[in-house]
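The structure appears below as structure tokens.
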Amino acid sequence: MNRSLVPVLGVLAVLLIAIAFVNPNFVDPPVFLAFLKRAAPLALLAAGQYFVIASGEFDLSVGSLITAEVVIAARLINGDADATWWVIVLLLVIGALTGLVNGTITTRFGVPSFIATLGMLLILEGAVFLWTDGAPRGALSDEFRMFGRNNVVGQIPWSVVILLLLGVGAVLLMRSDFGRTLMATGDNARAAALAGVRVSWVRTTAFILSGLSAAVAAVLLGGFGGVSAQVGRGMEFAAITAVVLGGVALGGGRGSVVGAMAGALTVESLFTLLNLLGVSGALEYAVQGLIIIAAVAFTSRRTDEHPRPGRGIRRGRAHHSVLK
Amino acid sequence: MAAPLLAMRNVSKSFFGNEVLSGVDLDLRPGEVHALVGENGAGKSTLMKILAGVHEPDSGEIELGGEQVRFSHPSQAQVAGVAIIYQELTLLGERTVAENVFLGREPSRFGVIDRRKMETETTRLLEELGERSFTSRRLVRQLSVAQQQVVEIAKALVVDARVVVMDEPTASLADHEVELLYKLIHRLQARGIGVLYVSHRLREVFDLAQRVTVLKDGRLVSTTDTEAIDIPGLVRLMVGRDLESFFPPRESDIGDVLLEASGAGHRRLRDVDLRLHAGEIVGVAGLQGSGRTSLARALFGVEPFTTGEIRVDGRRTRITSPRRAIKAGLGYVTEDRKSEGLALRQQVRHNALLVAHALHRSAGVSVSELLTSVELTGGPDSASREVRFLSGGNQQKVVLAKWLAVRPRVLIFDEPTRGIDVGAKFAIYTLIRALSAQGVAILMISSELQELIGMADRILVMRDHRIVADLPGDSTEEAIMHAAVHEEAAP
């Protein structure tokens with residue numbers, strides 16, 4: 001097994017045992033499956049964010065993208081079951097397009113992704129507010145809500161099945177040519193470009209995958225939690241926290257997608273535990289802040305044992321032109 | 001004869017097991033200009049950095065004005081009176097001349113920086129240096145390189161430097177500016193300051209220096225009065241070394257033209273005409289900055305040619321990116337393998353297959369076969385180790401494997417054996433030979449003339465961003481150096 005997974009799986013195991021200790025019901029299959037169902041959107045989002053972070057970038061836009069997607073879906077479906085399918089397709093297209101725009105701005109115009117996607121976050125948030133006047137209208141159909149709410153067979157929820165399928169897909173993707181070039185890009189973009197990797201395209205693809213993961217997460221969250229202008233708020237930070245907790249070094253080229261998803265389960269189980277212990281939900285952000293700082297400190301301690309000369313883009317003028 | 005101002009005795013330094021300086025002696029008298037010359041990689045800059053306190057020597061002693069010193073930080077060297085003027089100037093562009101001159105030791109009055117004192121002192125220093133073309137209040141970024149050098153020197157005077165080290169100071173100066181620099185150096189001499197002058201330009205050595213020290217492969221070759229030697233003699237000292245029987249014999253037949261450039265050029269490179277034949281090894285010699293690496297990068301599409309044409313296998317090909325170059329059958333082993341050749345935190349396996357992955361091609365052989373073919377040593381699990389844990393020689397073999405996986409027809413090597421040990425060097429030479437025997441055309445850039453003579457069928461010499469000579473592979477080092485430094489060598 002990949003050694004970078006050990007810490008996150010250790011923490012996850014400790015938290016799950018602690019939850020089971022406080023709430024013995026937790027080990028019952030339905031309760032545990034409900035936990036997974038709740039964690040599925042964040043785990044998918046973490047997988048999407050993983051691609052972006054592994055390539056050496058950030059995607060801060062996914063939280064408000066989720067909100068926008070849910071609000072759009074509610075408005076367009078407006079309770080009409082027949083609209084469900086084309087709206088889901090449309091959501092995926094919007095997710096992919098947002099990623100394409102983020103990627104293009106970052107790689108072609110040389111805007112650091114931190115700024116590009118922060119801008120996208122604000123733009124989407126503003127657009128949603130403008131369009132809804134702060135109060136989303138319309139309603140999702142039951143067919144739409146099925147994915148976030150219902151079970152496929154017996155006690156197995158749709159979200160868990162979707163999470164498993166897409167999770168396996170992400171693992172396979174990382175083992176493909178694309179995954180290898182993605183890791184090489186995050187590790188050393190110059191070397192990757194000189195080896196024939198289309199660095200800009202690889203990074204843009206990572207943003208598209210992140211946008212798609214936000215679209216799927218929006219479908220699940222819409223079904224699970226319903227329509228509001230707050231549904232995706234803070235999800236981008238939760239996803240980044242999850243990825244970092246999963247042993248993925250910021251700056252790229254390190255860690256595994258399984259680690260990122262395990263990180264999401266860890267974040268979710270921590271919130272569950274805090275909830276069980278009666279800690280106010282308002283503290284969630286503060287806890288996330290602590291985790292993200294601690295996790296990054298931990299990973300950089302581990303990775304700085306062997307400082308890397310030539311890391312990044314030594315002779316580069318602009319962020320995006322890795323070769324000139 | 002004056003007592004030495006500076007004496008370095010038996011100074012040695014190794015980096016990661018590679019000895020780059022071994023038992024070097026050097027002394028500098030007050031008011032003397034002492035030139036330090038040698039081929040690239042001879043150890044000049046390491047010696048300079050030891051003097052500057054950037055590196056600590058592993059052994060040996062340094063005496064400054066009769067006192068033994070040991071620098072573990074550049075600031076200590078500065079306080080002791082050693083000023084270094086690097087090739088790349090280190091001034092702050094957005095600050096004034098005076099602020100730069102007094103950087104880090106600003107005079108203060110009542111706890112506030114005393115600007116007036118700074119400015120009058122700087123003006124006085126500039127006058128002493130005969131500089132009237134700018135004032136102490138000018139922003140440094142508005143100055144020319146030559147003017148900035150004056151500021152650097154003023155900076156050295158303000159701390160009462162006794163030893164000034166200059167690293168290739170004329171590299172980016174126009175002719176008339178060089179004259180001004182000479183005058184400046186004479187003024188430093190008149191003040192009793194010792195100048196250690198590092199330069200490739202032998203003409204300047206004879207113009208300025210009283211003595212010249214030659215380094216080669218980290219060892220002292222000689223220290224001579226410049227009156228007792230001439231340029232050809234100095235060149236011989238710089239390159240002369242017995243050819244070890246180090247290079248595997250050539251076995252290939254030279255075939256058809258595989259890569260051809262005619263009239264190719266861009267912003268910096270001019271009139272590149274070259275032909276590489278199948279099975280041929282063509283060397284490229286030239287001093288640092290002569291355009292050798294630019295040539296490799298242009299051929300490989302990193303900074304593509306904008307004029308002329310390139311033919312691969314007789315077919316006209318536009319190579320506008322590395323990806324296109326690779327698709328046309330080229331490969332490029334870069335000079336700096338850590339920053340350009342490898343993804344250090346990825347496994348050996350993934351690095352070896354990176355080009356194949358990028359092109360969605362199969363390597364056709366297993367990773368272990370690929371690694372065996374480059375003689376990667378290091379145990380059965382070596383394929384899954386992260387590349388950063390490998391030795392320099394093994395890292396270079398991984399770079400080579402990366403290219404072999406896609407079977408290139410033309411391979412460009414830029415300093416293929418820099419920083420690797422002797423055993424790995426031999427392995428790399430053998431691999432290059434084997435590739436050429438298979439009909440791969442090879443362009444090999446190197447600062448080690450021996451390596452070029454030992455390996456190449458022909459040697460192109462570059463100077464001032466042009467190919468200035470096309471010499472046979474069995475040329476002497478003197479002949480190559482003469483072509484590379486033509487301006488000095490001319491009678």
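Order of the sequence lines sets the chain letters (A, B, ...), proteins ahead of strands, with each chain counted from 1.
- Of the two parts of B:Thr334, only the side chain, counted from C-beta on, holds a non-hydrogen atom closer than 4.5 Å to a non-hydrogen atom of chain A.
- When all heavy atoms are compared, the tightest approach of A:Ala193 to B:Pro322 is O-CB, 3.5 Å.
- Around atom CZ of B:Arg361, more than 12 heavy atoms belonging to other residues, nucleotides or ligands sit under 6.0 Å away.
- Of all heavy-atom pairs spanning A:Asp187 and B:Gln346, the tightest one is OD2-NE2, 3.1 Å.
- Heavy-atom minimum distance, B:Arg323 versus A:Gly196: NH1-O, 2.6 Å.
- Using a 4.5 Å cut-off between heavy atoms, B:His350 contacts chain A through its side chain alone, with no backbone atom that close.
- Shown here for B:His357 and A:Asp177, the closest heavy-atom pair between the two residues is ND1-OD1, 2.6 Å.
- Interatomic distance, OG1 of A:Thr181 versus CG of B:Leu359, reported as 11.0 Å (0.5 Å rounding).
- Around atom CZ of A:Phe114, no more than 12 heavy atoms belonging to other residues, nucleotides or ligands sit under 6.0 Å away.
- Taking each heavy atom of B:Ala358 and A:Ala195 in turn, the nearest pair found is CB-O, 3.7 Å.
- Contacts between B:Glu386 and chain A at a heavy-atom distance below 4.5 Å involve the side chain alone, from C-beta outward.
- Atom NZ of B:Lys13 sits in a crowded spot, with more than 12 heavy atoms from other residues, nucleotides or ligands closer than 6.0 Å.
- Between A:Ala184 and B:Leu354, the shortest heavy-atom distance links the atoms CB-CD1, 3.6 Å.
- Residues B:Val302 and A:Leu194 form a side-chain contact, since some pair of their non-hydrogen atoms from C-beta on lies under 4.5 Å apart.
- For B:Arg311, the CZ atom counts as densely surrounded, since its 6.0 Å shell holds more than 12 non-hydrogen atoms of other residues, nucleotides or ligands.
- For B:Leu342, the part sitting under 4.5 Å from any heavy atom of chain A is the backbone (N, CA, C, O) and nothing else.
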